[in-house]
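A, B, ... follow the sequence lines: proteins, then strands. Residue 1 opens every chain.
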Amino acid sequence: MNDVRRFVEAAIAPRADAIDASGTFPRELVSELGARGWLGAPVSSRFGGGGWDALALGRLHSEFGRGCGATRSLLTTQAMIAVALERHGGALREQLLPRLARGELIAGFAMSEPAAGSDVEAIAAEARPAPGGYVLDGHKRWVSFGQIADVFLVFARCERVMTAFVLDEATPGLRRTPVTGLLGLRGSALADLALDGCFVPSTHRLGGGDFPLSPVAATALDVGRYSVAWGAVGLMEACLAATVRHAGERRQFGQPLLDHPLVARRVSDGIAESRAAQLLCEEAARHRQAGASEALVATLVAKYFATRAASRVAESAVQIHGAIGCVVGSAVERHFRDAKLLEIIEGSTELMQILIARYGAPELP
Amino acid sequence: MTIRDRIHARVIALCRVPELPADIDIFERGLLSSLYALRLVQALEREFGIEIGDDDLSVKNFRTIEAMTQLIARLVPAA
C-alpha cells in the first residue's frame, strides 16, 4: 500500500483542489488509475482485474480518500458497478469488465430520481419491452461521473419489477445535464439524465429476479457503502494530520494551539473516532473476506459511524485552523465540504439508522 | 438437521422471532424488509455453500420457509 500512498501524495493530493474547482474529472487520470490496476482492484483476475481482497480494497479507497474525495468517488463508483456486473452481468462481463478495469470505460450509476432518493423502490423510470430489447423513459438525478461516463447502470421498472440495464452513452434519446454548485465532491462530474425512448438491447438487461430492491442495486450499494466508509477514514486521517501540524506550529497566548485544552480535546476526540472507524471498517473487511452474512450489517455500521465521525473531525479541523481553514485551497475546507456528502451518498445516515436498528443487534441464538 | 430445519434456524435468527411456521410470508408480515433481502440470500448461500443464480432470485422463492426449502433442495440435491 506504500506505492498507493506515495502516488496519492505526489500525484493526487496536489491536484485535488483543481479537480474540485473544475466540477468534473480528468479523463487522463482515469486511464492512469486503470493502468496502475486500481480501478480493476475489485474485479477478479478472470475478467482482467486484480482480485484484491476486501481489506486491501478498503485500504486502497482510504488512501485515495485521504488525498482527494472525487478520486475516491471514482474508485467507489467503478467498484460498485464492476462488482454488480461481475455478479449479475452474464455475458456482459467479458465485454465490459476488462475495459472498466483498465479505465477505458467510465461507468455512471443511475438510480436516484426526482422522487426517489433513499426510497429507491419508488423509482418511476420505465422500461417497456420492444422487439430485440427494451425502451427506457424517465429521469435520473445525481449520477456520479454522469458528465463523462461511457456507459450507465440504469435502474427502471420493467413490468413493475425494478430492473438494471447497461445503457451506452451514445444511445439516441439520452441527454445529460451537468450538475453544478455542489457542496462537496465537486469533481465527481455529476449529471442528471433524461431518458427519452432510449433503446437497450435485451443482452444489456442484467439479471436479478423480481425483488422489490433489485439485487443488482443492493450489491452495488453494499460495495459503495464499504468504499465510502473507508474513504471517510482516509479523510479523517488527512484532517487530523493537517490539524496536528497546524496546531503544533501555531502559537496563541504564548503556547502552541495543541496545548490549549479545548483544542486538545477536539484533536483527541478526532483521533479516537478515526481509529474506531478504522476498526469498524476492518471488521467489515474480515466478514466480507469470510463471505459471512454479517458482512452487510458490519458494512452498514462502518459506513454510519465513519461518515458521521468524518463530519465531526472535518468540522473540528476547520475550527482549529480558524480563518485559514475557511479558504478555498485549504485542504481541510475541501474535506469539510466533502465529509457532509459522505453522510448522504450510498444511503443517508438516517437510512443507516433505520437498517441498523432493525437488523444490527446480535441475532437470537 | 434437514434442509428445512437449517433454513428455519437461519430465518428466525435473521427475522428475530422465536418461531416461524413454514407457510408464513415473511415479507407480507413485515418480518424482513426488502432492503434487507440480500442478506437472506447471502445467509442461505453461506449456509449451504451455494450461489443462488439470477434466475432464482425471485421473491416467490423466498417468501416462506417452505418455498426456500424447495429452492435449496433443488440447488443442493445431495444435501
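Contact of Val297(A) with chain B is made through backbone and side chain together, with heavy-atom distances under 4.5 Å. Neither the backbone nor the side chain of Glu47(B) comes within contact range of chain A; no heavy atom of the residue lies under 4.5 Å from a heavy atom of that chain.
Note that CZ of Arg205(A) and CG of Asp54(B) are 10.5 Å apart. Values are rounded to the nearest 0.5 Å. Distance check, rounded to the nearest 0.5 Å: CG of Leu32(B) to OH of Tyr359(A) gives 4.5 Å. The CG atom of Leu296(A) sits 11.0 Å away from the CG atom of Leu40(B) when rounded to the nearest 0.5 Å.
Residues that satisfy the side chain to side chain contact (heavy atoms under 4.5 Å, CB included) test with Ala295(A), not counting sequence neighbours, are His287(A), Arg288(A).
Glu294(A) has no carboxylate O lying under 4.0 Å from a charged side-chain N of Arg39(B), or vice versa, which leaves the two without a salt bridge.
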field: Stepwise side-chain contact (heavy atoms from CB on, under 4.5 Å) test for Phe211(A) and Leu38(B)
entry: CA-CA 9 Å; Phe211(A) 278 38; Leu38(B) 185 64; over 6 Å; no

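For Arg358(A), the CZ atom is densely surrounded, since the number of other residues' heavy atoms within 6.0 Å is greater than 12.
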For residues 49-59 of chain A, run the donor-acceptor check on the side chains, cut-off 3.5 Å, and write out each pair with its distance to 0.1 Å, sequence neighbours left out.
residue	atom	partner	partner atom	Å
Asp53(A)	OD1	Leu55(A)	N	3.2
Asp53(A)	OD1	Ala56(A)	N	2.8

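Side-chain contact between Val41(B) and Pro215(A): absent, with no pair of heavy atoms (C-beta onward) separated by less than 4.5 Å.
Across Leu57(B) and His88(A), no two heavy atoms sit closer than the pair CD1-CE1, 3.8 Å.
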